[in-house]
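Lettering of chains follows the sequences in order, A, B, ..., and the numbering in each one begins at 1.
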There are 2 protein chains.
Amino acid sequence: MEANLNEKAECTVIIRAAHDAMDVLNGKWKIPIIAVLCFSKKRYSELLNEIKGISGKMLSKELKDMELNLLLKRTVLSTQPITVQYELTEYGERLKVAIEQLAIWGTAYRKEISAK
Amino acid sequence: MEANLNEKAECTVIIRAAHDAMDVLNGKWKIPIIAVLCFSKKRYSELLNEIKGISGKMLSKELKDMELNLLLKRTVLSTQPITVQYELTEYGERLKVAIEQLAIWGTAYRKEISAK
DNA sequence: CTGTATCCACCTTGATACTG
DNA sequence: CAGTATCAAGGTGGATACAG
């Protein structure tokens, strides 16, 4: 019963915490964006090119969302014409571990499912 | 340049693999469902009670999705009235690691953001 | 108990054109 | 280059009633 209580408590905590995380990562594009930015900072147009299928509108929207959620930092460079750099914050960086685990699972899953 | 190629390749792989995973986990409720089932198999009504906010329709739909994706197994028990057990498959079990990482991140994020 | 059927409001996304 | 505005379409999720 002690074990049962602990299980229940732990379960509830995980559910809520995972939900918090997914709330911040909602939508189709946030994980791909973070995955790209895990390796280096990028400009808007670089992201647009490297994330296949995303539209400019969605990229803008997602980037704005993530900036508000403190996942990434936006920097306007005074080049001519101006360019904008996006990079992960510490919060964003720390998501890398979770995303890697998802990717590891996804890789194995795809492989085994397709071998069916 | 070699490093650059590797970075690019690894990045692409991670994006695709994470996308595969998120494809299977799409929607609002799959992660909570898996989190609950991580600890023990559950019946439909137990899931309905323990996952706060989910409707019966969505629970049915998500469970069906996940069964098709081989994430969980559905077993009809010949009780009176009949009950149905859901449990994770091996694929589903292996997602636990990734979800735990998400939860760890979510916990820290919530804590630090609220401390703002 | 374990679902399904229907209806509906909302949200997300995409295409396209446009701005500074 | 880095976005914004507008419109349209489809998907998502909730309420309710019903079925086996």
Count the heavy atoms belonging to other residues, nucleotides or ligands that lie under 6.0 Å from CZ of B:R94, then report whether that count exceeds 12.
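Correct, the count exceeds 12.
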How many whole angstroms separate atom [atom1] of [X] from atom [atom2] of [N]?
| X | N | atom1 | atom2 | answer |
| --- | --- | --- | --- | --- |
| A:Q80 | D:dA2 | CD | P | 12 Å |
| A:M66 | D:dG3 | CE | C1' | 17 Å |
| A:M58 | D:dA5 | CE | C1' | 15 Å |
| B:I51 | D:dG13 | CD1 | P | 13 Å |
| A:N26 | C:dT13 | CG | C1' | 13 Å |
| B:L63 | C:dT2 | CG | C1' | 11 Å |

Check ion pair A:E50-A:K42 (N to O, under 4.0 angstrom):
yes
Between A:K41 and A:E46, does any NZ, NE, NH1 or NH2 come within less than 4.0 Å of an OD or OE carboxylate oxygen?
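A:K41 and A:E46: not salt-bridged.
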Touch check for B:S45, heavy atoms < 4.0 angstrom, all strands: base, sugar-phosphate only, or nothing?
sugar-phosphate
Using a cut-off of strictly less than 4.0 Å, decide whether B:K61 has a side-chain nitrogen or oxygen near OP1 or OP2 of C:dT4.
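Checking C:dT4 against B:K61, no side-chain N or O comes under 4.0 Å of OP1 or OP2.
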A:I54 or B:I82, whichever maps to the more 5' nucleotide of DNA chain C
B:I82
Any residue meeting ring pair (Phe, Tyr, Trp, His ring centres under 6.0 Å) with B:W105, in chain and number order, not counting sequence neighbours:
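Partners of B:W105 by the ring pair (Phe, Tyr, Trp, His ring centres under 6.0 Å) criterion, ordered by chain and then number, come out as B:Y109.
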